[in-house]
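Step one of this worksheet: look at the structure below.
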2 protein chains.
Amino acid sequence: MKITRKTVAKSAVLEIFGKSKTALSHTEIQSQMNNVCDRVTIYRILDRLVNDDIIHKIVNLDGTVKYAKCNHAHRVHIHNHAHFSCENCHEITCLENVKPSYIIPHNYKVNDINFTLSGLCPNCLNSNN
Amino acid sequence: MKITRKTVAKSAVLEIFGKSKTALSHTEIQSQMNNVCDRVTIYRILDRLVNDDIIHKIVNLDGTVKYAKCNHAHRVHIHNHAHFSCENCHEITCLENVKPSYIIPHNYKVNDINFTLSGLCPNCLNSNN
DNA sequence: TTTGTAACGCAACTATGTTGCGTTACTATT
DNA sequence: AATAGTAACGCAACATAGTTGCGTTACAAA
């Protein structure tokens, strides 16, 4: 495992994640960066942060890719929690405590699971649109 | 709901789905089509078939999009079954009978769920690589 | 046979992500 | 504080997936 350096661009990305309660796409991050760095650099920073288990990657039902901070409150760090994708505001939030239970045929070996729910988030449900 | 016509290209796509046990990407379909039609046409056919509930769209963990026939054996037609994505052969199969159970905070309204498992499929598990 | 329009081909465009390469700037070591 | 190895960077170019506009074709109902 290589050493990852602290750079201006990386710190900027981390600060943006720190402020955000929801998952962010590359484009959303870029627009909050005020041209601190090139868009390629953002891709590379995101890759590194995923590798270092600082953020995790989420692929939405519509194929859009977002990233969210990892919650390290638990001793054992897993990403197998559920994600909620709002059809109205398109925000994606981690539902850290929602974990599905399921039964799978024995001849499959499961390494990773992805569980995404879509519908209306509390915000959009209240403003009933 | 508009009428959808029967065309040469659409029939060709349906035949390919008929033969395939696993989900297919746009590219995979195109390569099996022997230039029957333009690639844009394939996109439009896939859109129509999804709309007509003949196939359903699956977004994999890695962001790749595939399509699979719908199973209409059940009276009530739902797509909320699980999908299995093999990390070795990259095939995606529908696990029609695997349905997750879960508890979600009451302030969310769930309209759709996506449950994808990844790991090794029976084929690749046997040939142990 | 006629006719309305769904479906098509083609070209052009957009969005998203990747790669190669020369340069910059972190950080461990002297 | 100076040195040096290399992670990280900018830039250009490329790759892939999907979309849009528009004039033309061909399906199916009348």
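Protein chains get the first letters and strands the later ones, always in sequence-line order, with residue 1 at the start of each. Only heavy atoms go into these numbers, but all of them, side chains included; no hydrogens, no water, no symmetry mates. These numbers were taken from a predicted model, which means no experiment stands behind them.
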Salt bridge (charged side-chain N to carboxylate O under 4.0 Å, His left out) for B/Lys66 and B/Glu28? Distances and angles first, verdict last.
CA-CA 9 Å; B/Lys66 299 212 175 190; B/Glu28 285 163 350; 3.3 Å; yes

Sort out for me which residue in A/Lys10, A/His56, A/Lys57 forms a side chain to side chain contact (heavy atoms under 4.5 Å, CB included) with A/Leu49.
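It is A/Lys10; the other options fail the test.
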
Start and end of the DNA chain C segment that chain A contacts, any atom under 4.0 Å from a heavy atom
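Going 5' to 3' along DNA chain C, contacts run C/dT16 to C/dT27.
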
Compare all side-chain heavy atoms of B/Ile55 with those of B/Phe17 and state whether any distance is below 4.5 angstrom.
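Yes, at least one pair of side-chain atoms sits under 4.5 Å.
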
Mapping B/Val65 and B/Thr4 to their closest nucleotides on DNA chain D, which lands nearer the 5' end?
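The answer here is B/Val65.
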
Taking the nucleotide of DNA chain D with the closest heavy atom to each, which residue, B/His26 or B/Arg5, is nearer the 5' end?
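The residue closer to the strand's 5' end, by nearest nucleotide, is B/His26.
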
Shared ILVMFWY cluster between A/Ile92 and A/Val13, side chains joined below 4.5 angstrom?
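No, A/Ile92 and A/Val13 fall in different hydrophobic clusters.
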
Minimum heavy-atom distance B/Cys124-B/Leu120, with the two atoms named
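Where B/Cys124 meets B/Leu120 most closely, the heavy atoms are CB-CD2, 4.3 Å.
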
Whole-Å distance separating the NZ atom of B/Lys6 from the P atom of D/dA29:
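These atoms are roughly 12 Å apart.
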
Within this structure, what is the CZ-to-P distance between B/Arg44 and D/dT19, rounded to whole angstrom?
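The answer, rounded to whole Å, is 11 Å.
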
Does the ring centre of A/Tyr43 sit less than 6.0 Å away from the ring centre of A/His26?
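Yes, they do, as the ring centres are separated by less than 6.0 Å.
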
Of the residues in residues 27-43 of chain A, which ones touch DNA chain D at a heavy-atom distance under 4.0 Å?
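Heavy-atom contacts with DNA chain D come from A/Val36, A/Cys37, A/Asp38, A/Val40, A/Thr41.
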
Please name the residue in the list A/Tyr102, A/Phe115, A/Phe84 that meets the ring-ring contact (aromatic ring centres under 6.0 Å, His included) test with B/Tyr102.
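With B/Tyr102 as partner, ring-ring contact (aromatic ring centres under 6.0 Å, His included) holds for just one option, A/Phe115.
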
Between A/Asp52 (side chain) and A/Ile54 (backbone), is there a donor-acceptor pair under 3.5 Å?
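The answer is no, because no donor-acceptor pair under 3.5 Å joins these two groups.
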
